[in-house]
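Worksheet for the structure shown next.
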Amino acid sequence: NVGIGTTSPDYKLEVESTADADLVSIKSTATANNTQMRLGISGNDSVISGTGGSSGSLVFKTYGTERMRITSVGELQVTGNGVIRNEHSSANFSYWQQTASDAKLFTQYAQPLYFGTNASTKMTILSGGNVGIGTTNPGAKLVVTDNTSTAQSTLVINHSRSDSDA
């Protein structure tokens with residue numbers, strides 16, 4: 001075992017520091033890219049950072065194939081089958097999937113699906129299929145609730161029909 005900053009390393013390579021710091025740097029000095037990846041500690045956070053000019057991304061691969069990247073502007077891009085899974089436990093998860101023919105957003109088991117803006121729920125889909133707009137507990141297939149005091153219509157359905165529609 002090799003230790004840097006420690007005389008008793010527990011791993012094949014162990015780097016220790018008594019202060020928050022970038023602890024490991026892997027760098028290419030090739031003129032074309034001058035890219036660097038750093039591993040470090042910042043407070044309670046473990047940090048992986050990459051520098052590669054203004055267009056460098058942090059890329060994740062398995063078996064030589066790119067699966068995910070974080071771009072220099074902060075976009076999370078997932079390749080392959082496009083599944084993003086949020087797992088709270090093996091029996092409680094939600095996921096988003098994009099395929100060539102459709103997009104899917106799921107929750108596992110009998111959980112509602114909420115959509116919102118401005119940190120407030122605006123639409124709910126319950127596990128039985130009831131949809132609520134303006135309510136989180138719709139008691140019918142479609143419930144539209146407007147609790148505002150504005151004079152706007154709550155629900156408007158427009159249909160333009162021409163003679164060719166007959």
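Since the model is a prediction, treat every value here as computed from it, not as a measurement.
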Review point. Heavy atoms, side chains only, cut-off 4.5 Å: are N1 and D10 in contact?
Key: no
Exercise for review: Could you grab the distance from atom OG1 of T136 to atom NZ of K122, nearest 0.5 Å is fine?
Suggested key: 12.0 Å
Revision key, fill the gap. Residues D20 and G43: closest non-hydrogen pair is OD2-N, 2.7 Å
Check your understanding: Is the closest side-chain heavy-atom distance between F115 and T124 below 4.5 Å?
Key -> no
Study note, to complete from the structure: When every non-hydrogen atom of T6 is compared with those of E14, the smallest separation belongs to CG2-O, 4.1 Å
Review point. Any donor and acceptor pair, going by atom type alone, linking the side chain of T121 with main-chain N or O of M123 inside 3.5 Å?
Key: no
Check your understanding: Heavy atoms, side chains only, cut-off 4.5 Å: are L76 and M68 in contact?
Key -> yes
Check your understanding: What about L13 and L23, same hydrophobic cluster or not, with Ile/Leu/Val/Met/Phe/Trp/Tyr joined at side-chain heavy-atom distances under 4.5 Å?
Key -> yes
Check your understanding: Around L39, counting heavy atoms of other residues, nucleotides and ligands shown, do more than 12 lie under 6.0 Å from its CG?
Key -> yes
Ignoring hydrogens and angles, write down the donor-acceptor pairs under 3.5 Å from the side chains of residues 58-65, residues two or more places apart or on other chains.
residue: T62; atom: OG1; partner: R67; partner atom: NE; Å: 2.8

Review point. Linking I/L/V/M/F/W/Y whenever any side-chain heavy atoms sit under 4.5 Å apart, do V144 and Y114 land together?
Key: no
Check your understanding: Can I70 be reached from V47 by stepping across I, L, V, M, F, W or Y side chains whose heavy atoms are under 4.5 Å apart?
Key -> no
Exercise for review: Could you pull out the closest heavy-atom pair between S127 and A110, with the gap in Å?
Suggested key: CB-CA, 3.6 Å
**Study point:** I4 reachable from V24 in the ILVMFWY side-chain graph, under 4.5 Å edges
**Key:** yes
Check your understanding: Which heavy-atom pair separates L126 from P112 by the least distance, and what is that distance?
Key -> CD2-CB, 3.9 Å
Study note, to complete from the structure: Value for CE (M37) from CD1 (I48), rounded to nearest 0.5 Å, stands at 7.0 Å
Review point. With a 4.5 Å heavy-atom cut-off, do R69 and T71 have their side chains touching?
Key: yes
Review point. Looking only at heavy atoms, which two atoms of G132 and P138 are closest? And how far apart?
Key: N-CG, 3.5 Å
